[in-house]
Amino acid sequence: MKTIRIASGQGFWGDMLEAPVQQVEGGPIDYLMLDYLAEVTMSIMQKQRSRNPELGYATDFVPLMERILPACVERDIKVTANAGGVNPAGCSAAVLEVARKLGLGGQVRVGIVRGDDIMDRLESFTRDGIELRNMDTGEPLSTVIDRVQSANVYFGAWPIVEALSRGARVVVTGRCTDTGLTLAPMAYEFGWAKDDWDRVAAGTIAGHTIECGAQASGGNCMVDWDSIPDLANIGYPIVEASADGTFVITKHPGTGGRISPAVIKEQLVYEMGDPKAYITPDCVADFTSIHLAGDGTDRVRMFGIRGNPETEFYKVSISYSSGFKAVGTLVYAWPDAYRKAEAADRILRERLERLGLRFDEVLTEFVGASACHGPLAGTPSGELAEVELRVGVRSESKADVERFTKELAPLVLTGPPNVTGFAGGRPRVQEIVAYWPALIPKSVVEPVVEIAEA
Amino acid sequence: MKTIRLLDIAHARSGDKGDTANVGLIARRPEFYPVLVERVTVEAVKRHFDGLVHGGVERFELPNLEALNFLLHEALGGGGTVSLKTDAQGKTYSSALLRMEIEIDDDLARLIP
């Protein structure tokens, strides 16, 4: 039975640069899938493009292609990547330029999936009664529409399938689901129908399993974490897919990490909502139907997956400007480290109050005592070796946030003793780009697939 | 009966969606799953996260994975880029849940290594 091997090479923009190279060089694969886009990434890219119209995509992708494209051509490996960000055409042009430079002219077709950027259509949607209500709060987009920085529809696998069927070696998309990058090669190679919901769901779950890279092969894994071998050389996961919708998760031999049913279970529940209704543009997958079985060393077989029909909506990822924030820290040492940090916090808050600064929120955390687990961590011991006081503020007023950043260092000479950790200078003021999830009828947005050749 | 921590019989992974954290709780052995279903209720989890989670708690069962999935609402200080928290993505809520203490039968307790 024909199988194809789809390798995950990047779980987010900023993941290990060597991982995709390891996937190409470490053993046989047919596809390399690279996920670059987190929720906030699009707004960062939008800003980059506004400064330079040639940018606005995952720039790491281009030097990566320079390294691996010759091997991909030689061994017939195809690449699916949402590296296009808000400028898939610019990203594609950069990849084609690299291909020409490598002497691969005439041998590399790049598929471009765009049409996801609806920034310019928001006003007209709103006029037509498409309110783009926030999925969490129910508010209509009109309340923040003048502050929107980016707006992109999540497309699924099918535009990528089209690009592959038109001969693309590399498919570069804008906003597209992480799962679609893996489902598309399976649907294309095996000729799955769009309404073959069980197989589409299987490809979707395969995608979910490997979309966070090494989180499926022993990274960030709780179960027996201290016995997972050679994390320094961790192998990224590979889907070995069959036409019937079953697949095996594995990794290249000689790499570190671990793939076992327990490890895969941890990744399956990651960022899960209702397990019976994992909604993507392509289907509604049922995670309660998944069966797992060990299949030899570092191999887990997944089967029995069921899916339901797609919904009538795309999800939209909108980002908008929402004020400013800054976070500052100081470190207090034994004895009474926690009490000193608490006292410093009281003094700081009194000073902020006297200055008449206005904040939507002031949050104090005590790193080393309770920053992660809060009250669940219990009463801090008086013997703690040190505690980091961490104070964050948020405000619509940039000036007030800026003033706050100048009030931390003075505490060193004007507050409780045995304090250090101020050498980094004043905290940085950050603009908050908030996330607005919404739904839009599929009927009003159409993906565009183009092919360009080196 | 013996009092144990969830850490002894389960592992977990957590993540975020806006201001909601999810914690997937997975039994370390199939024998432990029914105990999780019986003892790690919505009410118990809500109580456990008092002071850290301000909204409601939802629970979903995945018997095929011997796992429960919890959604903890209003848990991340606004979530994403808005949150001022160290753990704005709820990455450590997995181990926070594993702090919970429950009572289990001695027979089951003997299976804990």
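Within every chain, numbering begins at 1; the chains are lettered A, B, ... in the order of the sequence lines, protein sequences first and strands thereafter.
With a 4.5 Å cut-off on non-hydrogen atoms, B/Leu25 does not touch chain A at all. Proximity to chain A (any heavy atom under 4.5 Å) is shown, for B/Glu58, by neither the backbone nor the side chain. Interface remark: A/Glu365 contributes side-chain atoms only to the contact with chain B (heavy atom separation under 4.5 Å). Heavy-atom distances place both the backbone and the side chain of A/Ala377 under 4.5 Å from chain B. For B/His48, the parts lying near chain A are the backbone and the side chain together; criterion is any non-hydrogen pair under 4.5 Å. For B/Phe49, the parts lying under 4.5 angstrom from a heavy atom of chain A are both the backbone and the side chain. Of the two parts of B/Asp16, the backbone and the side chain both hold a non-hydrogen atom closer than 4.5 Å to a non-hydrogen atom of chain A. With a threshold of 4.5 angstrom between heavy atoms, B/Leu97 does not approach chain A through any atom at all. Only the side chain of B/Leu71 comes within contact range of chain A, judged by heavy atoms closer than 4.5 Å. Contacts of A/Leu268 with chain B are made by side-chain atoms alone, with heavy-atom separations under 4.5 Å and no backbone atom involved. Residue A/Ser289 touches chain B through its backbone alone, counting heavy-atom pairs closer than 4.5 Å.
A salt bridge links A/Lys47 with A/Glu431: the distance from a Lys NZ or Arg NE/NH1/NH2 to an Asp or Glu carboxylate oxygen falls below 4.0 Å. Looking at B/Arg29 and B/Glu31, a side-chain N of the basic residue comes within less than 4.0 Å of a carboxylate O on the acidic one, giving a salt bridge. Of the charged side-chain nitrogens involved, at least one lies within less than 4.0 Å of a carboxylate oxygen, so that A/Asp198 and A/Arg306 count as a salt-bridged pair. Between A/Asp345 and A/Arg349, at least one side-chain nitrogen of the basic residue sits less than 4.0 Å from a carboxylate oxygen of the acidic one, meeting the salt-bridge criterion. For A/Lys265 and B/Glu66, the salt-bridge test passes: some basic side-chain N is under 4.0 Å from an acidic carboxylate O.
Interface remark: of the candidates A/Ala434, A/Gly374, A/Pro275, A/Pro275 forms the most heavy-atom pairs closer than 4.5 Å to chain B. Comparing A/Gln215, A/Lys325, A/His291 by how many heavy-atom pairs each has under 4.5 Å with chain B, the most go to A/Gln215. Listed options B/Ala10, B/Ser14, B/Ala12 were ranked by heavy-atom pairs under 4.5 angstrom with chain A; first place goes to B/Ala12. The greatest number of non-hydrogen atom pairs below 4.5 Å with chain B, out of A/Arg390, A/Gln430, A/Gln267, is found for A/Arg390. Of the listed residues (A/Met135, A/Lys276, A/Glu361), the one with the most heavy-atom contacts under 4.5 Å to chain B is A/Glu361. With chain A as the partner, the residue from B/Met100, B/Arg28, B/His11, B/Arg13 showing the most heavy-atom pairs under 4.5 Å is B/Arg13. Of the listed residues (A/Asp274, A/Ile290, A/Leu292, A/Asp136), the greatest number of heavy-atom pairs within a distance under 4.5 Å of chain B belongs to A/Asp274. Note on A/Val327, A/Val393, A/Val433, A/Thr288: by heavy-atom pairs under 4.5 Å with chain B, the leading option is A/Thr288.
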Dump the intermediate steps for side-chain contact (heavy atoms from CB on, under 4.5 Å) on B/Phe32 and B/Leu111, then the final yes or no. CA-CA 9 Å; B/Phe32 295 144; B/Leu111 295 174; 3.8 Å; yes
Going through the distances and angles, do B/Ile26 and A/Val269 end up as a side-chain contact (heavy atoms from CB on, under 4.5 Å)? CA-CA 9 Å; B/Ile26 305 154; A/Val269 298; 4.1 Å; yes
Show, in sequence, the C-alpha distance, side-chain angles and deciding distance for A/Tyr278 and A/Val284, and conclude whether the side-chain contact (heavy atoms from CB on, under 4.5 Å) test is met. CA-CA 5 Å; A/Tyr278 182 91; A/Val284 178; 6.0 Å; no
Working note: A/Thr177 + A/Thr280, criterion side chain to side chain donor-acceptor pair (under 3.5 Å); need CA distance, chi angles, decisive distance, verdict. CA-CA 7 Å; A/Thr177 57; A/Thr280 75; 5.9 Å; no
Quick one: do A/Val391 and A/Phe404 satisfy side-chain contact (heavy atoms from CB on, under 4.5 Å)? Show the steps, please. CA-CA 10 Å; A/Val391 184; A/Phe404 157 80; 3.9 Å; yes
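The interface of residues 205-214 of chain A with chain B, defined by heavy-atom distances below 4.5 Å, is empty. For residues 78-94 of chain B, the interface with chain A (any heavy-atom pair closer than 4.5 Å) comprises B/Thr81, B/Val82, B/Ser83, B/Leu84, B/Lys85, B/Thr86, B/Lys91, B/Thr92, B/Tyr93, B/Ser94, sorted by residue number.
In terms of heavy atoms, A/Ser317 sits closest to A/Tyr154 at CB-CE1, 3.4 Å. The minimum heavy-atom distance between A/Phe247 and A/Ile305, with the atom names listed, is CE2-CD1, 3.7 Å. Across all their heavy atoms, B/Ala75 and B/Val53 have their closest contact at CB-CG2, 3.9 Å.
Seen from the ring of A/Phe303, A/Arg301 counts as a face-on cation partner, given the 6.0 Å and 45° thresholds.
Considering only residues two or more places apart in sequence or on other chains, A/Tyr320 meets the ring pair (Phe, Tyr, Trp, His ring centres under 6.0 Å) condition with A/Trp436. In this structure, A/Phe359 has no ring pair (Phe, Tyr, Trp, His ring centres under 6.0 Å) partners at least two apart in sequence or on a different chain.
The closest donor-acceptor contact from the side chain of A/Glu266 to the backbone of A/Met222 lies under 3.5 Å.
Side-chain contact check for A/Glu139 and A/Asn134: no donor-acceptor pair (N or O, by modelled atom type) lies under 3.5 Å.
With values rounded to the nearest 0.5 angstrom, B/Asn69 atom CG is found 11.5 Å from A/Glu271 atom CD.
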